Number of protein chains: 2
Amino acid sequence: MPISFMTTSTPIARGELAKRAGCHLETVRYYEKIGLLPPPARTAGGHRIYKIGDQRRLRFILRGRELGFGIEELRSLLTLADSKTQTCGEIYDLTAAHLGAVRRKITDLKRLERTLTQISNECSGGAVPECPVIDALWAD
Amino acid sequence: MPISFMTTSTPIARGELAKRAGCHLETVRYYEKIGLLPPPARTAGGHRIYKIGDQRRLRFILRGRELGFGIEELRSLLTLADSKTQTCGEIYDLTAAHLGAVRRKITDLKRLERTLTQISNECSGGAVPECPVIDALWAD
DNA sequence: CCTTGAACCTGTAGTTACTACAGACCCTAT
DNA sequence: ATAGGGTCTGTAGTAACTACAGGTTCAAGG
């Protein structure tokens with residue numbers, strides 16, 4: 001099969017797209033349903049036909065989800081990206097807000113880690129009626 | 001305003017408990033329904049009566065949820081805390097497992113923070129056509 | 001006291017972001 | 001040409017809440 005066809009127009013099915021992008025088969029259909037992915041072409045029999053390039057947009061969504069962006073955040077991010085207008089300021093604000101939330105979570109988790117480590121170390125592991133873990137969990 | 005008889009254990013209503021702990025009114029009922037919060041006392045008319053001490057347990061659950069613990073994880077954490085019969089060894093194992101989960105979450109979030117910080121810094125916030133946030137998400 | 005209106009009661013349905021069917025149909029390789 | 005896998009649709013389930021409807025109770029103001 002010639003390379004020129006591969007790179008520009010090799011059609012792939014839904015399962016193949018999902019596999020390449022690294023998500024569940026049904027997630028593709030779901031994203032189409034909620035309008036994050038455009039409805040693709042169909043075969044005569046009704047099967048979806050994707051282009052290789054379609055996985056780019058899907059990966060964008062999946063990566064955004066992994067980074068903790070919500071669906072609506074991604075929708076606006078995609079709208080901004082699709083618009084190709086000068087919107088870096090808006091995107092910066094969205095990202096900055098998200099970054100703030102992430103940092104708060106890290107702070108909380110570190111505090112919890114400290115607590116758990118501490119009480120874990122104090123616990124001998126023997127059959128002790130009064131375990132320091134129990135008290136420590138409620139200390140904060 | 002709620003009951004104001006100054007004793008050592010001021011009773012509070014569901015709404016007040018939710019407000020103090022910082023969650024939705026219905027979340028309290030939900031946690032009771034799934035057994036994370038014990039059924040409280042009731043007035044003659046059927047209204048729930050909480051003690052101020054009850055917000056401690058609720059806050060523990062809420063913080064755990066914010067930190068990404070699932071309900072079942074929290075259930076075992078609470079069982080652990082409630083336990084008066086388990087040996088210290090069993091408690092140690094549970095604590096260690098949770099500590100592992102916490103550390104994994106911290107690692108993941110730090111990586112996410114790094115990514116977001118990086119792409120955020122590259123973004124001037126001005127009127128730039130090519131936004132690094134979008135590029136980072138689009139990247140293959 | 002009695003009225004009023006906010007808060008509470010129950011059960012059920014909706015939400016988010018998927019994931020898992022069921023039953024029918026399509027597509028391709030042998 | 002047929003076997004079998006993949007895909008189609010719609011619907012239902014999941015987690016962890018959140019919102020609502022329709023009714024009851026509580027506590028404060030008159």
Side-chain angles (χ1 to χ4, degrees), chain A residues 1 10-37 39-51 54 57-78 98 101 105, chain B residues 1-6 10-37 39-51 54 57-78 101 105:
Chain A
M1 196 173 285
T10 302
I12 54 176
R14 181 157 63 104
E16 181 66 17
L17 180 69
K19 210 170 91 181
R20 281 169 187 250
C23 71
H24 193 279
L25 170 76
E26 294 300 309
T27 305
V28 176
R29 194 158 65 102
Y30 173 68
Y31 285 160
E32 180 186 331
K33 186 182 164 192
I34 65 174
L36 289 190
L37 291 177
R42 301 283 188 137
T43 64
H47 286 203
R48 289 171 180 81
I49 314 166
Y50 294 95
K51 297 164 295 186
D54 288 335
R57 190 185 185 88
L58 177 53
R59 275 221 262 250
F60 179 98
I61 299 166
L62 293 171
R63 190 163 315 183
R65 293 289 301 126
E66 273 169 33
L67 296 179
F69 287 98
I71 292 293
E72 291 315 312
E73 281 179 303
L74 283 170
R75 193 191 302 283
S76 66
L77 228 38
L78 280 167
H98 190 55
K105 269 182 186 164
Chain B
M1 297 306 150
I3 309 152
S4 300
F5 288 150
M6 251 313 287
T10 306
I12 54 175
R14 181 157 62 105
E16 181 65 17
L17 180 70
K19 211 171 88 182
R20 281 168 188 250
C23 72
H24 194 278
L25 171 75
E26 295 300 312
T27 305
V28 176
R29 193 159 64 102
Y30 173 68
Y31 285 159
E32 180 186 331
K33 187 182 162 193
I34 65 173
L36 288 191
L37 291 176
R42 301 282 188 136
T43 65
H47 286 203
R48 289 171 179 81
I49 313 166
Y50 294 94
K51 298 163 293 186
D54 289 334
R57 190 187 184 86
L58 178 52
R59 272 219 264 253
F60 182 91
I61 299 167
L62 293 170
R63 193 170 56 240
R65 291 291 303 125
E66 272 170 33
L67 297 180
F69 286 98
I71 292 293
E72 292 313 314
E73 277 180 305
L74 284 170
R75 193 192 302 282
S76 71
L77 217 45
L78 283 167
K105 276 180 177 123

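What you see is a predicted model; the values in this text were computed from it and never measured.
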Could you tell me the separation between the CD atom of B/E16 and the P atom of C/dA6, rounded to a whole number of Å? 17 Å
For B/R48 and C/dC9, is the shortest distance between a side-chain N/O and OP1 or OP2 below 4.0 Å? yes
Roughly how many Å is it from CD1 in B/I12 to P in C/dC8, rounded to a whole number? 10 Å
Taken in chain and number order and not counting sequence neighbours, the residues that satisfy salt bridge (Lys or Arg N to Asp or Glu O under 4.0 Å) with A/R20 are A/E16
Once rounded to the nearest 0.5 Å, what's the spacing between atom CZ of B/F60 and atom CZ of B/R63? 7.0 Å
For nucleotides 18-20 of chain C, give me every protein contact, N/O to N/O, under 3.5 Å, one pair per line with atom names.
from, atom 1, to, atom 2, distance (Å)
C/dC18, OP2, A/Y31, OH, 2.9
C/dC18, OP2, A/R65, NE, 2.7
C/dT19, OP2, A/T27, OG1, 2.7
C/dA20, OP2, A/H24, NE2, 2.8

Heavy-atom side-chain proximity of A/I61 to A/L78 below 4.5 angstrom: yes
Could you tell me how far apart B/E32 (CD) and D/dA16 (P) are, to the nearest whole angstrom? 18 Å
Whole-Å distance between D/dC17 C1' and B/L37 CG? 14 Å
Measure the distance from CG on A/L17 to C1' on D/dT7 and round it to the nearest whole Å. 14 Å
Would you please confirm or rule out a distance under 4.0 Å between OP1 or OP2 of D/dT9 and any side-chain N or O of A/R42? yes
side-chain contact (heavy atoms from CB on, under 4.5 Å) filter on B/S76, not counting sequence neighbours, yields B/L94, B/H98
Using five pairs at either end of the helix from C/dC1-D/dG30 to C/dT30-D/dA1, determine the angle between the two local helix axes and round it to 10 degrees. 10°
Can you tell me how far P of D/dG6 sits from NZ of A/K19, to the nearest Å? 9 Å
Side-chain polar contacts of residues 28-37 of chain A - donor-acceptor pairs under 3.5 angstrom, sequence neighbours left out - could you list them?
from, atom 1, to, atom 2, distance (Å)
A/R29, NE, A/E26, OE1, 3.2
A/R29, NH2, A/E26, OE1, 2.9
A/E32, OE1, A/R48, NE, 2.7

Apply side-chain contact (heavy atoms from CB on, under 4.5 Å) to the pair B/I49 and B/R42, showing each step before the final yes or no. CA-CA 5 Å; B/I49 313 166; B/R42 301 282 188 136; 5.6 Å; no
Roughly how far apart are A/K19 NZ and A/H24 NE2, rounded to 0.5 Å? 14.5 Å
Starting at SG of B/C23, measure out to CZ of B/R59 and round the result to the nearest 0.5 Å. 10.5 Å
Which atoms of nucleotides 27-30 of chain C (N or O only) lie under 3.5 Å from a protein N or O atom, and what are those distances?
from, atom 1, to, atom 2, distance (Å)
C/dC27, OP1, A/T43, OG1, 3.0
C/dC27, OP1, A/G45, N, 3.1

Determine the contact category for B/L25: base if any of its heavy atoms lies under 4.0 Å from a base atom, sugar-phosphate if only primed atoms, P, OP1 or OP2 are that close, otherwise nothing. sugar-phosphate
About how many Å separate OH of A/Y50 and CG of A/L17, when rounded to the nearest 0.5 Å? 6.0 Å
OG1 (B/T27) and CG (B/L58) are apart, to the nearest 0.5 Å, by 8.5 Å
